[in-house]
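Have a look at the structure below before the remarks.
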Amino acid sequence: MSASRQFAIVTGASSGIGRELAKVCAREGFDLLIAADEPEIETAATEIRALGATVEIVLADLSTLAGVDRLVDVANRIGRPVDALLANAGRGLGHGFLDQDFAQARHVIDTNITGTVYLVHRIGNDMRHRNAGRIMIVGSIAGFVPGSFQAVYNGTKAFLDSFSFALREELRDSAVTVTCLMPGATETRFFERAGMLDTGVGVARKDSAADVARTGFDAMMRGDGDIVSGLKNRIQSAVAQIIPAGFLARQHRKYAEPGSARS
Ligand SMILES: NC(=O)c1ccc[n+]([C@@H]2O[C@H](COP(=O)([O-])OP(=O)(O)OC[C@H]3O[C@@H](n4cnc5c(N)ncnc54)[C@H](OP(=O)(O)O)[C@@H]3O)[C@@H](O)[C@H]2O)c1
């Protein structure tokens, strides 16, 4: 690995926003350790190496503490200080909560919340010790809205949005920055995997993952606290903060309820 390049960890880099984040990092001078839990990560690594970065991969289920430990072990073996941690891996899950398979709902919570905060705890402590480093947490504008028919997912993103601001404040006197990237609906495999292709939001036109990643990366490098990608999403998230939660939950039904794609 080149000594002049910085070193970043990107989770969930096999597809979607994470893959694009890893590509921006590579173009902007970072070598990478990328993680996901399916072998497709190999194809992503090949694509990212072509951009001039050294790329190591870890296959790990980041919903488990053991999976996060495996990722951190590989980072420790590489032995380079982590200049940037982009905690992006996450999953959605559609349908009414009581109709969901509880194991899947729990997997969403374990991936989006437990795995993310454990990884941030482990790498964040090293960063605080060195008094250097950037953390990006991928939350969502979904965190501002009680997500009927996506209730667990939106709850996990509300947690991450909140957690990110709180951690940033705790690190105010250090040189470690925490940035929460809050995308709106983005064109990735997310809605297919969440079983939401028959919903209004599933079929709607969405933001480009490459644009979202660039916006998020730039915000992280500036050390901003949060970034909502896209003007429409910025307006939506600002409005959501002054509208009663019950009304937001009712609105969410219109585009997240199974079958809403046809209505
Ligand atoms: N798409 C949207 O509309 C949207 C909007 C706001 C926020 N977000 C957030 O953006 C992030 C990326 O999502 P995306 O839209 O890019 O979806 P995606 O295309 O499905 O990508 C998700 C990535 O996370 C990885 N991942 C998921 N669960 C994992 C686990 N347990 N262990 C390891 N890796 C895991 C996946 O790896 P494998 O393929 O190996 O499972 C994949 O690389 C998520 O946090 C999501 O909540 C998405």
Side-chain angles (χ1 to χ4, degrees), residues 9-12 17-18 21 62-63 65 68 84-94 97 105-125 127-128 133-174 176-186 190 194 201 207 212-213 215-217 219-220 222-230 233-252 256:
I9 296 177
V10 182
T11 67
I17 295 169
L21 282 169
L62 299 176
S63 73
L65 300 191
V68 173
L85 168 65
L86 292 86
N88 159 82
R91 280 187 188 279
L93 188 61
F97 172 64
R106 181 175 171 179
H107 189 65
V108 171
I109 296 168
D110 289 346
T111 302
N112 298 6
I113 298 183
T114 311
T116 302
V117 297
Y118 182 47
L119 180 61
V120 169
H121 193 267
R122 292 215 55 190
I123 302 290
N125 264 303
M127 287 181 173
R128 183 174 62 170
R134 304 172 191 281
I135 298 172
M136 175 198 287
I137 294 172
V138 179
S140 174
I141 64 167
F144 296 118
V145 177
S148 41
F149 300 94
Q150 213 180 359
V152 167
Y153 173 74
N154 282 38
T156 65
K157 291 293 160 172
F159 177 100
L160 289 180
D161 293 352
S162 165
F163 171 78
S164 186
F165 277 107
L167 179 62
R168 176 180 175 81
E169 176 57 30
E170 289 176 14
L171 292 171
R172 173 184 282 278
D173 296 329
S174 86
V176 179
T177 60
V178 183
T179 301
C180 189
L181 169 60
M182 301 175 191
T186 305
F190 176 91
V201 63
D207 298 334
V212 170
T215 306
F217 177 87
M220 179 186 78
R222 286 192 304 268
D224 291 354
D226 63 305
I227 182 78
V228 175
S229 51
N233 297 326
R234 278 199 292 282
I235 294 169
Q236 266 180 18
S237 58
V239 170
Q241 291 178 69
I242 53 168
I243 288 187
F247 182 81
L248 292 172
R250 216 167 311 133
Q251 292 299 109
H252 200 270

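We count residues from 1, following the sequence as given.
- Between the side chain of Ser237 and the main chain of Arg234, a donor-acceptor pair closer than 3.5 Å is present.
- A side-chain donor-acceptor contact under 3.5 Å links Asn154 to the backbone of Ala142.
- Rounding to the nearest 0.5 Å places CG of Leu171 at 9.0 Å from OG1 of Thr177.
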- Apply side chain to side chain contact (heavy atoms under 4.5 Å, CB included) to Leu181 and Ile137, showing your working. CA-CA 6 Å; Leu181 169 60; Ile137 294 172; over 6 Å; no

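- Annotation: the span from Arg106 atom CZ to Leu93 atom CG amounts to 14.5 Å, rounded to 0.5 Å.
- Proximity of a side-chain donor or acceptor of Lys157 to a complementary backbone N or O of Val152 within less than 3.5 Å is not detected.
- Here Phe190 pairs with Gln150, Tyr153, Thr188 under the side-chain contact (heavy atoms from CB on, under 4.5 Å) rule; sequence neighbours left out.
- The distance from atom CG of Leu160 to atom CG of Leu167, rounded to the nearest 0.5 Å, is 11.5 Å.
- The backbone N or O of Val178 lies less than 3.5 Å from a partner atom in the side chain of Arg168, making a donor-acceptor pair.
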- Item | Intermediate values then yes/no, side chain to side chain contact (heavy atoms under 4.5 Å, CB included), Leu21 and Met136 | CA-CA 10 Å; Leu21 282 169; Met136 175 198 287; 3.9 Å; yes

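- No side-chain heavy atom of Thr156 sits less than 4.5 Å from a side-chain heavy atom of Thr116.
- Closest heavy-atom contact between Ala245 and Pro146: O-CG, 3.7 Å.
- Residues Ser148 and Ala249 approach most closely at OG-O, 2.5 Å, considering heavy atoms.
- In this structure, the side chains of Ile17 and Pro183 come closer than 4.5 Å at one or more pairs of heavy atoms.
- Side-chain N or O atoms of Thr215 include none that pairs as donor or acceptor with a backbone N or O of Ser229 at under 3.5 Å.
- Between Leu86 and Val138 there is no side-chain heavy-atom pair separated by less than 4.5 Å.
- Smallest separation of non-hydrogen atoms from Val145 and Ala240: CG2-CB, 4.3 Å.
- Between the side chain of Arg134 and the backbone N or O of Ala84, no donor-acceptor pair lies under 3.5 Å.
- Here the closest heavy-atom approach between residue Val201 and residue Ala185 is recorded as CG2-CB, 4.1 Å.
- Every side-chain contact (heavy atoms from CB on, under 4.5 Å) that Gln236 has, sequence neighbours left out, goes to Ile141, Lys232, Asn233.
- No side-chain donor-acceptor contact under 3.5 Å links Thr179 to the backbone of Gly223.
- Residues Gln241 and Phe144 have side chains in contact (heavy-atom distance under 4.5 Å, counting atoms from C-beta outward).
- The minimum heavy-atom distance linking Gly18 with Asn88 is given by the pair CA-ND2, 3.2 Å.
- Taking CZ of Arg91 as the start and CD1 of Ile109 as the end, the distance is 14.0 Å to the nearest 0.5 Å.
- Between Val120 and Phe163, some side-chain heavy-atom pair lies under the 4.5 Å cut-off.
- Taking the side chain as every heavy atom from C-beta outward, Asn112 and Phe159 never approach each other to under 4.5 Å.
- Between Asp161 atom CG and Asp226 atom CG the span is 8.5 Å, to the nearest 0.5 Å.
- Contact check for Val117 versus His121: no side-chain heavy atoms found under the 4.5 Å cut-off.
- Heavy atoms only, all atoms of each residue included: Ala89 and Gly12 are closest at CB-N, 3.7 Å.
- Under the 3.5 Å distance criterion, with hydrogens and angles disregarded, no donor-acceptor pair is assigned to the side chains of Asp110 and Ser63.
- In the displayed structure, Arg122 atom CZ is contacted under 6.0 Å by more than 12 heavy atoms of other residues, nucleotides or ligands.
- Met182 is not listed as a side-chain neighbour of Ile227, based on a closest heavy-atom distance of 4.5 Å or more.
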